[in-house]
Amino acid sequence: MQLKQLIDSPCGLKYMIDNLDTHSGYTRRLLLDTEMSKNAVEIETKYQILKEFYNVVNQKENLNQINTLQFKLCNLKEIQSTINHLKNKYILDDIELFEVKHLAILASEIQVIIEKLRLDDCVFIPNLEDVVNILDPDGMKIATFYIYDSYNERLKELRRMMKEKEEFDEALFAEASSIEDEVRAKLSMRLSKYADDLEAAQKALAFIDLNLAKAFQMIKMNLVFPMISYDGETEYKGLFNPEIKNILDEKSSMFNGKDVPQHVSNGLSFQPIDIRFGIRPTIIMGTNMGGKTVVLKTLALCQYLFQYGFGIPAAEAKIIVQNEVFLCTTDEQSVQRGLSSFAAEMKNIDEIVKTSKMKTNFLALIDEPARTTNPTEGTALVSALVKVLQEKQMSLIIVTHYNINTYNNRCLRVRGFENGCMNYELVEVKNGEVPHEALNIAESLGVDSEWIEEARRVVEIDHIK
């Protein structure tokens with residue numbers, strides 16, 4: 001699946017792409033057209049190359065060269081249609097000839113910098129000096145183009161004659177134009193054999209731009225290089241969501257040493273979590289506002305980042321290569337399809353069930369299934385879903401606040417409300433009992449005390465019954 005098909009996923013992938021500082025629009029388009037890697041060797045190779053770029057940008061002595069490189073990458077433009085014209089042996093016009101010359105000079109200049117940074121083993125830029133020489137017969141190394149006098153002595157003479165005449169000479173102009181057309185045809189024919197090299201150079205420069213951007217993003221967001229898991233288990237230590245962490249950091253900076261309201265004082269920093277899961281289902285339980293949905297979205301985000309070769313928002317990460325990722329969250333919009341929220345949710349989850357009967361090695365992340373129906377049937381649906389999927393060759397994580405039958409599958413719960421604030425740590429438990437903390441959370445938010453106390457009395461009465 002191409003990245004552009006996933007960009008609007010509610011997991012936060014768009015935030016990561018939007019905060020990727022590429023210097024060419026062509027690089028971004030190429031990135032969005034990239035297919036998700038499903039091969040461990042291919043993913044490993046991507047990270048090996050990214051690590052080389054990361055090491056280079058992390059060294060202060062390389063700063064000037066990096067700045068020059070990024071400045072030059074701002075001039076990278078897509079000229080694929082011009083390259084296609086060369087492949088088909090069309091005669092290029094002056095603008096297209098300029099585009100070819102510009103790319104050839106740019107590639108040659110960037111090659112010099114790449115060699116100085118010792119990144120030439122990571123990326124191959126074809127040698128386009130012959131192209132430069134063809135389009136720059138006077139050796140000026142200027143990225144402009146016109147039909148130079150050097151291409152034809154008769155053309156040079158005609159131009160001299162026209163310049164000396166006081167009035168426009170149509171015959172001289174017509175002859176000069178005819179010679180110029182001949183020159184364009186000859187140049188196009190000579191350049192046609194370099195079409196593949198030009199295409200490769202264009203992609204190589206975008207590749208450099210992308211890896212530089214990924215490396216700088218890793219430093220800025222404190223991302224890490226993941227390990228590829230071959231034992232069927234994914235594990236994260238210190239996992240965090242970059243977008244939410246940034247929002248909380250910005251809110252924290254707004255107070256700037258001022259007194260923070262009690263109901264938000266504990267919510268201004270992101271609490272990283274540790275989580276491990278494998279092939280059998282993992283059930284995450286906890287009350288609302290327990291951070292379960294954030295965990296689910298972050299796991300989907302990390303899987304995509306991993307298979308597209310980005311840094312991972314964690315202290316450590318070991319990740320399985322998956323063939324597909326399903327994310328069913330409360331963010332889904334069903335109105336556009338003319339379905340109720342329950343019907344839309346059931347259709348989405350049913351797709352996961354059907355896929356599990358035909359395919360293997362995929363990740364399914366389901367947030368609060370059957371949340372919009374009554375608790376009795378909802379609990380039954382979620383328990384049955386765990387049982388149906390537990391023998392499938394897939395990674396399944398279900399978030400719920402129902403007290404379901406976990407069928408002895410791995411069960412985690414949010415540690416919950418402690419000392420007046422939420423602790424989002426995930427702890428392993430042996431049963432599916434959801435902690436009763438909604439009233440404590442509501443109270444910590446400053447909700448009306450009369451309402452909270454009345455709710456507590458109702459709970460006590462129900463418990464006695």
Side-chain angles (χ1 to χ4, degrees), residues 10-11 234 236 239 241 271 273-301 303 325-332 334 340-353 355-356 362-392 394-417 422-442 459 462:
C11 69
T234 291
Y236 297 97
L239 180 71
N241 186 290
Q271 179 183 342
I273 64 154
D274 299 343
I275 186 169
R276 172 175 53 86
F277 60 90
I279 299 301
R280 289 181 65 82
T282 297
I283 298 100
I284 301 178
M285 296 184 163
T287 56
N288 289 331
M289 284 190 67
K292 305 182 304 299
T293 299
V294 172
V295 171
L296 215 63
K297 290 180 179 181
T298 308
L299 291 176
L301 172 65
Q303 194 68 45
V325 179
F326 291 89
L327 175 62
C328 296
T329 75
T330 54
D331 293 338
E332 295 172 60
S334 57
S340 69
S341 57
F342 178 74
E345 179 188 42
M346 289 298 102
K347 294 287 286 183
N348 288 335
I349 296 175
D350 185 55
E351 183 184 356
I352 294 173
V353 175
T355 300
S356 73
F362 66 92
L363 173 62
L365 304 156
I366 307 176
D367 184 27
E368 300 283 6
R371 61 193 173 275
T372 56
T373 190
N374 70 76
T376 301
E377 290 181 304
T379 300
L381 281 167
V382 179
S383 297
L385 182 62
V386 172
K387 186 174 183 180
V388 167
L389 295 179
Q390 67 179 349
E391 299 300 331
K392 306 301 182 182
M394 58 179 287
S395 297
L396 171 67
I397 299 181
I398 292 179
V399 161
T400 184
H401 63 264
Y402 290 141
N403 293 323
I404 66 168
N405 187 337
T406 63
Y407 298 99
N408 296 317
N409 287 296
R410 191 156 184 265
C411 188
L412 306 173
R413 73 169 176 84
V414 178
R415 187 173 289 279
F417 208 72
M422 279 297 298
N423 184 340
Y424 297 101
E425 179 186 359
L426 295 176
V427 293
E428 194 156 354
V429 292
K430 292 185 178 180
N431 58 59
E433 180 69 23
V434 178
H436 299 175
E437 296 176 326
L439 298 183
N440 289 334
I441 293 173
V459 170
D462 289 344

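The structure presented is a predicted model; accordingly, all values stated were derived computationally and were not measured.
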Over all atoms of both residues, closest heavy-atom pair of I366 and L296: C-CD2, 3.4 Å
Is any side-chain heavy atom of I352 closer than 4.5 Å to one of F362? yes
Would you check if the side chain of T400 reaches a backbone N or O of E368 as a donor-acceptor pair within less than 3.5 Å? no
Minimal non-hydrogen separation, T329 against R371, with atom names: O-NH2, 3.6 Å
Classify the side-chain pair N405/S383 by whether it contains a donor and acceptor separated by less than 3.5 Å. no
Keeping the roles fixed (side chain from N409, backbone from T406), state whether a donor-acceptor pair exists under 3.5 Å. yes
Minimum heavy-atom distance between A370 and G378, given as atom pair plus value: CB-CA, 3.7 Å
Considering residues, nucleotides and ligands other than N374, do more than 12 of their heavy atoms fall under 6.0 Å from its CG? yes
Once you round to the nearest 0.5 Å, how far does CD1 of I284 lie from NE2 of H401? 15.0 Å
Which pair of heavy atoms, one from Q303 and one from Y236, lies closest together, and at what distance? N-OH, 4.2 Å
Return the minimal non-hydrogen interatomic distance between Q271 and Y424, and the atom names on each side. OE1-N, 3.0 Å
Would you mind telling me which of T298, V294, D274 makes a side chain to side chain contact (heavy atoms under 4.5 Å, CB included) with L239? T298
Any L426 side-chain heavy atom under 4.5 Å of V414 side chain: yes
Return the set of residues passing ring-ring contact (aromatic ring centres under 6.0 Å, His included) with F277 (not counting sequence neighbours), or none when no residue passes. none
Donor-acceptor check, side chain of E428 to backbone of R410, threshold 3.5 angstrom: yes or no? no
Can you check whether V295 reaches I397 side chain to side chain, under 4.5 Å on heavy atoms? no
Partners meeting salt bridge (Lys or Arg N to Asp or Glu O under 4.0 Å) with E391 (sequence neighbours left out): R280
Does any non-hydrogen side-chain atom of E351 lie less than 4.5 Å from one of T355? yes
Note: D367 and E345 closest approach over all heavy atoms is O-OE2, 4.3 Å
Do the side chains of L385 and V353 get nearer than 4.5 Å, heavy atoms only? yes
Side chain proximity check, L381 to P369, heavy atoms < 4.5 angstrom: no
Rounded distance (nearest 0.5 Å) linking atom CG of L327 with atom SG of C11: 6.5 Å
